[in-house]
Every structure is written in structure tokens, then in C-alpha cells.
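Heads up: the structure comes next, in C-alpha cells.
For ligands, and for the atoms within them, numbers begin at 1 and follow the listed sequence. Basis for what follows: all heavy atoms, side chains included, without hydrogens, waters or symmetry-related copies.
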Amino acid sequence: MTTTNATGSGPSVPTLEDLPSVDGKRVLLRADFNVPIHDGEVTDDLRIRAALPTIEWLLGRGAQLVACTHLGRPKGMPDPRYSVEPVRRRLARLAPGVDLLDNLRFDPGEESDDPAFVAKLVDGFDAYVNDAFGASHRAHASIVGPPRSLPSAAGRLLAKEVDVLLGLRTRPRRPFVAVLGGAKVTDKLTVIEALLGVADTVLIGGAMCFTFLAARGNPIGASLFEEDMVGTCRSLLDQHGDRLVLPTDITALGPGGELMKPDAGGDVRQVGTRLPDGWTGVDVGPGTAADFGDRIAEARTVFWNGPMGVFEDPRFEAGTRAVARAVADTAAFTVVGGGDSAAALAQFGLDDDVDHVSTGGGASLELLERGDLPGLEALRTAPNAPEAPVATGRDHG
Ligand code: 3PG
Ligand code: MG
């Protein structure tokens with residue numbers, strides 16, 4: 001087991017082996033069971049299944065296990081729309097004998113890291129395990145609180161996510177190609193900058209490509225556009241030149257058209273990078289899809305976050321499908337982060353063909369960006385955290 005020591009010096013993040021014996025002990029497991037639910041049923045249980053190795057390890061050693069999670073974004077009070085009941089039922093099938101507390105975010109103390117809420121949470125427990133990778137970028141009570149008093153450990157999922165994602169920062173096999181999509185440059189700017197620091201090339205798709213295209217002087221029609229980011233995009237392009245790769249063609253929706261409503265009218269057409277007035281860019285075009293596919297095929301490491309277009313609309317899925325297919329087919333080590341990209345992979349039936357599908361969206365990006373997370377920092381201060389033997393000298397910035 002790799003020690004998940006994100007700083008390279010000082011105390012390490014304790015793993016399950018660093019816990020005192022859990023036999024007959026009450027263990028609190030923070031998991032990220034924030035899963036999609038439709039009509040009272042869990043529609044994708046990846047995050048629940050991903051915690052099973054930790055759950056089985058603990059149960060196999062005699063622990064009495066109580067799990068806890070947040071679900072959705074209730075506003076600090078009970079709200080039946082965010083009941084964990086469907087999760088509880090699925091968990092009971094996958095891991096009988098594990099209790100699940102109420103949605104942590106039903107209490108305002110969760111998000112504010114209120115000491116009184118932490119005290120209530122840890123009351124009666126002998127140890128704490130964080131396997132909630134997807135929530136470990138949140139300095140919330142259930143993530144940072146318990147290690148202040150309880151012997152604590154990173155679960156198997158958290159440890160694996162950290163190992164894979166930090167590996168991309170510190171020892172990627174080259175060429176390392178990062179593919180980024182998503183709506184807004186604002187949301188991804190620090191990630192783009194961080195990836196430019198470690199990847200050889202960063203391919204830009206998704207709606208955010210239009211602000212970059214505008215920065216290059218292209219008319220972008222009615223496409224999504226962040227005017228206040230144009231200067232930033234221009235200086236990134238000036239600084240990094242052809243390491244930052246933009247689409248060379250776009251699939252666009254004509255005036256009067258509506259997303260997800262093919263009957264509403266509006267032509268769909270391939271255009272170059274100069275969009276006609278009134279046309280909205282909705283996907284990367286076939287030339288771009290082929291170019292991105294080639295670069296992914298030639299890479300030895302690939303990180304993909306964010307769809308290339310509105311793949312939920314069959315008229316605009318081709319770019320995302322091509323990237324998903326290329327990521328599945330390449331011999332490179334492939335890591336996919338973020339709920340949307342994982343959903344795209346699943347939609348195309350390719351989720352088994354990547355090396356690592358991260359269970360975290362925001363968490364995977366923050367870990368790549370900063371090399372650390374509040375949840376890891378908290379575990380390093382736990383009473384049982386082992387001293388790192390020697391500083392490794394790795395600089396994670
Ligand atoms: C997620 O789904 O990204 C995590 O569970 C974190 O949820 P949050 O963004 O509501 O904190
Ligand atoms: Mg592969």
C-alpha cells in the first residue's frame with residue numbers, strides 16, 4: 001500500500017494499517033455516497049461500490065461500522081428530498097450490517113465545522129476512517145473534525161485516488177495529454193494553469209473553448225462567452241503557444257434551434273472556428289475530434305475532465321464520444337475525473353476501459369491543482385499519524 005503522503009515531509013496520512021485494533025470497536029466511516037437518485041432509487045452506485053474494499057477490511061477485522069455521508073445540498077435542515085433512505089437500502093444490499101447516519105448536511109454544523117457538531121458526531125466512537133475522496137476538498141465537520149480526537153485513517157478508496165492523482169503530478173509517463181471540457185473558463189482556470197505545469201499538452205473543448213477562440217480573434221456567434229476572461233485566455237495562449245490546443249472546427253446550432261429539442265428547428269452545421277452571427281457552438285467538430293483522438297492515441301498518460309459538447313443531445317455527442325473512445329482505446333495510462341465525464345463514459349459503455357475513473361469531480365481537480373486536500377491535511381494531524389521516515393524531496397508546490 002502506498003503511503004498517501006501528499007507533502008513529502010512531516011507526518012504521513014495514516015492508512016488502515018495505522019489504526020489500533022478495530023476488533024469489537026466502533027468505527028465511524030465518512031463516505032461520499034452523494035449519488036444520483038431518481039424516483040427514490042439510486043441510479044448509479046459507483047460511489048457506494050467504491051467504498052466496499054474499506055468496508056470489507058473493517059468488517060473483516062471485527063469493527064462495528066457506522067457510515068455517514070452528505071447527499072445533495074440541503075440547507076442545514078432536514079429535507080425529505082435529500083433523505084439518505086435510498087442509499088441506506090442499497091448499502092444494506094451491498095454491505096449488510098453497516099449502519100448509515102442521517103444526511104450530514106441536515107445539520108448546519110456540518111458545513112461550518114462546528115465543534116459541537118463534531119463532538120456529537122464522534123461521540124461513542126473509537127476510530128474514524130475517511131474514504132470520502134469526493135468530499136475531501138470540503139473543510140466540513142465530518143471531514144476535518146474527527147481526526148482532532150480519534151485515531152484516524154484514510155480508507156482504501158481515498159488512498160488510491162490520492163496515489164493515482166498525485167502520480168499524475170509527480171511521475172507522469174510522457175507525453176502527458178490533458179483533455180479539458182466544461183462550460184466556464186472561470187471554473188477551470190486554476191486547473192488549466194496547474195495542468196500546463198505538468199502536462200505536455202492541454203486540449204481545450206467544451207463551451208469554454210469559445211472564450212479562448214474569441215481571444216484569438218475569432219467571431220463566436222451566439223456561443224457561450226466570458227468577456228472578462230478574454231484577457232486571461234489571451235495571455236495563456238501567448239505564454240504557452242501550441243501546448244494549449246484549441247478546436248479547429250465546431251459543430252454549431254443555427255438561429256431558432258434549441259438544445260435537447262431537435263423538433264424546435266434550427267440547423268446543425270459544421271463550421272470552422274469563425275462562427276456566423278446567431279450560431280451557437282455546441283460541440284467540437286469532426287476535424288477536432290480526429291486531432292484530439294490522434295493526440296490521445298500517441299500519449300502515454302491521459303487525464304480527461306469535462307465533456308467536449310452537450311453530449312446529452314444526440315446531435316452534439318460526437319466530440320465527447322470520440323474523446324471517450326480515444327481514451328478507452330489508447331495504450332496510455334488513463335485517468336478520468338468528474339461526474340460528467342464519468343457519466344459520458346458510462347453512456348457510451350466505455351467505463352471499464354479506462355485505468356482510473358475518479359469518484360471525485362471538484363476533489364480530483366483540487367488535488368491536481370494544489371497537491372493536497374483539507375481531508376488529507378486533517379488526517380495528517382490525527383493522534384496516530386505516523387512520522388514520515390524521511391522527506392522524499394518531492395516538491396508538490
Ligand atoms: C460531489 O458530488 O462532487 C461531492 O460529493 C461533493 O459535493 P458538494 O460539491 O455538494 O460539496
Ligand atoms: Mg488504456
Taking atom CG of Leu121 and atom SG of Cys68, what is their separation to the nearest 0.5 Å? 5.5 Å
Residues 273-286, side-chain donor-acceptor partners within the protein, below 3.5 Å, at least two apart:
residue : atom : partner : partner atom : Å
Thr273  : OG1  : Asn218  : OD1          : 3.3
Asp283  : OD2  : Ala318  : N            : 3.4
Asp283  : OD2  : Gly319  : N            : 2.8

So with a 6.0 Å cut-off around CZ of Arg89, is the heavy-atom count from everything else above 12? yes
Sequence neighbours excluded, which residues qualify as side-chain hydrogen bond (donor to acceptor under 3.5 Å, both in side chains) partners of Arg49? Asp45
Using a strict cut-off of under 4.0 Å between a residue heavy atom and any atom of ligand 1, list the qualifying protein residues by chain and number. Asp32, Asn34, Arg47, His70, Arg73, Arg105, Gly134, Arg138
Asn305 meets the side-chain hydrogen bond (donor to acceptor under 3.5 Å, both in side chains) criterion, sequence neighbours left out, with Lys188
Do you know which two heavy atoms are closest between Val42 and Arg90, and how far apart they sit? O-NH2, 3.1 Å
